[in-house]
Amino acid sequence: MKREIPKTYEPQRYEDKIYKTWEKSGMFNPDNLKLPKNAKPYTIVLPPPNITDKLHLGHSSMLAIEDLLIRFHRMKGYRALWIPGTDHAAIATQNVVEKRLLKETGKTRHDLGREKFLKEVWKFLRVTQKTILKQTRKMGASLDWSREAFTLDDERIKAVRKMFVEMYEEGVISRGERIVNWCPRCKSTLADDELEYATQKAKLYTFKYDKNFPIAIATTRPETKLGDTAVAVNPKDVRYKNFIGQTFDVDFLGVALKIKVIADRQIEMDFGTGALGVTPAHSMVDWKMAEENDLEIVKVINEDGNIREGFGKFSGLTSLEARELVAKELEKSGMLEKEEEIENNLSTCYRCGASVEPLPSKQWFVLVDKKLKRLGNKSLKEKALEVAKKKEIEFMPERFTKRYTDWMTNLHDWCISRQIWFGHEIPVWYKGEEIYVGEKAPKGKGPASAKASAGKWVQDPDTLDTWFSSGMWTFSTLGWPQNLKNGKKSNDLKKFHPTQVLETGYEIITLWVSRMIMMSLFAVGEIPFEKVYLHGMVLDKLGKKMSKSKGNGIDPMDMIEKFGTDAVRLALLVGSTPGNDMRISEDKIESFRNFVTKLWNVYRFSATSYPELKLAEKISQKKIKTLADRWIVSRLNELIAEVTDDLEKYRFSLAGEKLQSFVWNDLADWYLEISKLEKNEYVIGYVINCVLRLLHPFAPFVTEKIWGDLNYESASSADKMLMVEKWPVSDKKLIDKKAEKEFKKLQETIGKIRNIRSSYRIDPVRIIKTYATKLNNKEIIEKLARVEILSGKSKAKTIKIANLHLDIAELIDIEKEKERLQKEIENFENLVSKTESLLNNEKFVSSAPKNVVDLNRNNLVEYKTKLEGQRELLENLN
RNA sequence: GGAUGAUUAGCUCAGUUGGUUAGAGCGUUCGAUUCACAUUCGAAAGGUCACUGGUUCGAGUCCAGUAUCAUCCACCA
């Protein structure tokens with residue numbers, strides 16, 4: 001049968017069709033895989049992308065890594081499950097839609113009202129969500145779409161409510177007044193890690209509250225001083241020691257304050273005056289001091305960022321206006337001692353950039369330090385730290401364990417309420433002073449917009465932090481809570497939880513990973529995953545973060561269109577190591593496209609030279625004939641062992657590199673070249689079979705295409721797909737070190753001679769032919785004489801090759817050849833003396849591993865033979 | 001201020017538990033090419049593994065310190 005095979009592989013022609021075949025086969029769902037009952041599960045949850053935008057290269061990299069893991073384990077016979085989904089990304093999404101709305105219609109969300117605005121959000125997210133899911137399929141991701149989830153779909157809403165209620169009943173969720181980061185523009189609280197810091201120039205004012213107060217304080221925010229209730233000094237500070245414990249009534253620009261002087265070791269004596277005006281309501285640190293010293297809390301700034309009532313002429317001003325006025329008034333009254341410019345850090349909102357106002361507010365919190373019965377009288381924090389310490393959860397690379405534990409150790413109570421509209425509604429209702437917490441609304445529910453008033457239950461208007469729902473991702477996607485009754489897991493939760501790996505970016509260890517751990521420990525009573533594999537960020541060619549504003553972003557879909565998914569995947573997998581950022585450029589993707597073409601041509605060549613070519617999983621010793629056969633089969637079996645080991649240890653890059661070099665350098669450049677003269681279709685069929693299986697997790701499309709062309713006629717034969725084939729197993733009996741060594745010499749010889757002869761326009765193929773045919777002439781000794789000439793096992797042979805070189809050298813440039821020989825001789829002299837002294841060292845011989853010692857012994861013999869050969873040759877030349 | 005990482009060829013990066021003469025790709029130079037592939041092939045040049053010490057028979061790899069860069073965390077009253 002003559003095959004018509006195009007010259008190059010055209011990914012665009014096959015990829016979508018192949019993906020459809022995979023998806024239709026149902027094999028993405030592990031329940032459909034033909035597996036023994038005791039097959040182990042291998043579960044990964046896909047970190048759900050935010051539905052705010054389409055996918056970027058970072059997502060592609062994540063998909064490539066996870067799909068590699070899933071395909072590898074599926075082939076290895078695991079019950080491989082990869083769960084897809086998307087994240088509603090509450091604040092981020094609301095912001096995007098708000099911005100759009102303003103741009104397109106000039107309206108704010110308040111103009112529309114809650115209900116209409118939310119409709120807009122859903123309209124928006126349906127579109128982006130569809131795009132994201134389509135793009136995910138484009139990457140070849142073998143996700144089980146039958147289990148697709150969204151952090152804000154009905155099932156997840158139920159789960160989140162259940163979780164909230166359970167935590168509330170356990171007392172680990174509670175409402176309280178705490179100081180929070182408040183964005184006056186977004187009108188919402190922000191978590192600590194949602195803040196961004198900007199250095200800015202600020203004025204540092206030094207002044208006294210009034211003339212009767214003995215201590216001057218320094219601040220960049222004089223307007224908050226209206227709420228001061230204390231002045232803190234360092235207990236060691238001799239200047240102020242005597243005042244500690246005293247209380248002063250002061251008149252601060254017409255506002256009466258009671259100021260107590262307190263001692264606190266955190267106060268730096270060198271900064272400003274060494275005295276800090278304590279404003280408990282508007283500074284995190286001051287809040288803590290107030291708690292410790294039992295100080296009064298005076299709120300100065302309200303939730304719009306303005307000065308509250310009761311502060312005389314300052315009331316109603318914005319904080320900036322008030323700051324200027326306070327400064328002016330201080331100067332007028334002669335209390336201002338100094339005004340200097342300093343640099344300080346301003347916390348700003350990560351969404352809108354407005355400066356953040358710390359202020360006390362009623363919020364819902366997860367109490368991370370509360371001891372819980374269900375956790376063996378440990379707190380969420382303690383338990384979450386314990387699982388990392390006991391290595392129940394391992395981080396890759398390991399150094400991130402420290403980042404996790406450090407952060408966990410310093411974790412404060414987690415504020416989970418957000419004053420935004422889009423997100424999970426808080427399942428809490430109020431009626432006057434009464435409060436109701438439950439999965440369903442209580443009877444007599446009033447309209448959502450109404451104020452809590454007597455007679456009607458009104459739901460809390462806030463929504464939950466987006467990480468609350470994504471923190472539940474490993475179990476909310478596996479049917480929690482239905483699948484957990486009385487502590488007993490059932491169905492999916494039993495089969496697939498805890499998951500095996502969480503693969504994600506190191507930047508969200510704190511935001512996400514830590515929360516998943518706490519929530520899973522609480523809800524299911526077990527860890528959410530065994531391993532956390534952290535990938536780096538994908539940077540541009542110059543090592544800069546890709547961003548739309550800089551215009552240096554590469555759209556993965558453009559790259560797929562241009563070079564094919566396999567090339568994009570390979571470019572993202574090879575050259576990236578865990579925890580380290582990676583650079584990527586179009587050139588890199590292009591070079592992997594070339595590799596895919598190379599693989600294609602290996603197939604094209606083999607299929608056209610062997611019309612009856614059959615892929616075989618195994619090969620019998622009898623069918624391995626020539627040295628080249630022995631060599632390639634041996635190399636292949638080593639490769640299988642190495643790649644398997646690498647993948648098991650998450651060394652994807654290394655595995656990919658090895659595969660690439662085998663296919664390109666060993667198989668295509670050498671074995672196929674020689675096979676033009678010495679055909680052996682069994683070996684080729686065997687090698688290609690294994691290579692396709694090994695490469696499939698890296699480049700699923702091209703390998704499936706070739707596999708299909710060679711193995712099955714119609715696309716309908718689901719169980720013949722490469723995707724569900726077995727992973728190759730290395731056969732140690734086929735590893736032949738001797739053959740490898742011999743072949744290496746052959747390569748060297750051919751290379752050298754080809755290069756020398758090439759200036760005489762002698763066809764290199766003919767040279768290969770000379771050697772290769774001789775190798776297979778069944779007069780083994782004769783053949784190897786030429787080849788082994790270089791292997792230098794005996795002096796006589798070395799002289800032979802030396803003479804061969806001499807022949808050639810004579811034809812070329814004797815002086816050059818002499819120079820080269822001289823260099824070689826020096827090199828070998830060096831090696832001989834080095835190795836000798838090493839072997840004479842008793843400590844080395846006794847303490848080094850045996851194989852290292854033996855290796856050196858062998859080497860010494862080899863070096864010596866070579867050295868003598870070269871010397872003799874040089875003499876001859878002279 | 002605290003922590004973590006990086007520093008290896010002109011460029012981008014590998015280098016597994018310390019063990020042959022430290023690797024790859026790109027680039028450069030020389031050469032080949034009716035052959036499955038110009039998306040090709042053969043070869044060469046190019047390295048004090050940031051620096052200084054230490055441990056060891058042996059260090060790119062382990063330890064300590066220094067420098068530069070990057071990232072994260074805290075704080076800047």
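Convention: sequence-line order gives letters A, B, ...; per-chain numbering from 1.
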Report which part of the nucleic acid [X] touches: base, sugar-phosphate, or nothing (heavy-atom distance under 4.0 Å, all strands).
X        : result
A:Pro849 : base
A:Arg221 : nothing
A:Ala848 : base
A:Ile217 : nothing
A:Ala668 : base
A:Lys649 : nothing
A:Thr219 : sugar-phosphate
A:Asn841 : sugar-phosphate
A:Ser283 : nothing
A:Leu654 : base
A:Tyr863 : base
A:Thr8   : base

(request) Return the minimal non-hydrogen interatomic distance between A:Leu570 and A:Ala699, and the atom names on each side. (result) CD1-CB, 4.2 Å

Do the side chain of [X] and the base of [N] come within less than 3.5 angstrom through a donor-acceptor pair of N or O atoms?
X        : N      : answer
A:Thr597 : B:rC37 : no
A:Arg399 : B:rU4  : no
A:Lys7   : B:rC37 : no

Is [X] near enough to [N] that one of its side-chain N or O atoms lies under 4.0 angstrom from OP1 or OP2?
X        : N      : answer
A:Lys598 : B:rC41 : yes
A:Trp664 : B:rC41 : yes
A:Thr577 : B:rA14 : yes

Length of the line joining [X]:[atom1] and [N]:[atom2], which is rounded to integer Å:
X        : N      : atom1 : atom2 : result
A:Arg857 : B:rU20 : CZ    : C1'   : 14 Å
A:Ile509 : B:rA3  : CD1   : P     : 18 Å
A:Gln660 : B:rG25 : CD    : P     : 9 Å
A:Ile589 : B:rG25 : CD1   : C1'   : 15 Å

(message) With ring pair (Phe, Tyr, Trp, His ring centres under 6.0 Å) as the criterion, how do A:Phe592 and A:Phe698 come out once you've worked through the C-alpha distance, each side chain's angles and the decisive distance to 0.1 Å?
(response) CA-CA 11 Å; A:Phe592 281 100; A:Phe698 290 85; 9.9 Å; no

(message) Let me spell it out: for each of A:Lys658 and A:Phe605, pick the nucleotide of RNA chain B with the closest heavy atom. Which residue's pick is nearer the 5' end?
(response) A:Lys658

(request) By nearest nucleotide on RNA chain B, pick out whichever of A:Leu855 and A:Leu667 is the more 5' one. (result) A:Leu855

(request) State, with a plain yes or no, whether a side-chain heavy atom of A:Pro11 is found less than 4.5 Å away from one of A:Phe563. (result) no

(message) Counting C-beta onward and ignoring hydrogens, is there a side-chain heavy-atom pair between A:Tyr205 and A:Thr220 closer than 4.5 Å?
(response) no

Between [N] and [M], how far is it from one [atom1] atom to the other, in whole Å?
N      : M      : atom1 : result
B:rU40 : B:rU56 : C1'   : 49 Å
B:rU12 : B:rU17 : C1'   : 28 Å
B:rC63 : B:rU48 : P     : 25 Å

(message) Rounded at 0.5 Å granularity, tell me how far CZ in A:Phe701 sits from CG in A:Asp566.
(response) 7.0 Å

(request) Drop me the distance from A:Ile589's CD1 to A:Arg593's CZ, to the nearest 0.5 angstrom. (result) 11.0 Å

(request) If the plane angle is over 60° it's perpendicular, under 30° parallel, otherwise tilted; pick one for A:Phe400 and A:Tyr506. (result) parallel

(message) For A:Phe207 and A:Phe252, take the angle between the two ring planes, folded into 0 to 90°, and tell me which bin it lands in: parallel under 30, tilted 30 to 60, perpendicular over 60.
(response) parallel

(message) For Watson-Crick and G-U wobble pairs within 3.5 Å on both distances, what is RNA chain B written in dot-bracket notation, | included for inter-strand pairing?
(response) (((((((..((((.....[...)))).(((((.......))))).....(((((..]....))))))))))))....

(message) Would A:Lys225 pass as a cation-pi partner of A:Tyr209, given that its NZ or CZ must be under 6.0 Å from the six-membered ring centre and within 45 degrees of the axis?
(response) no

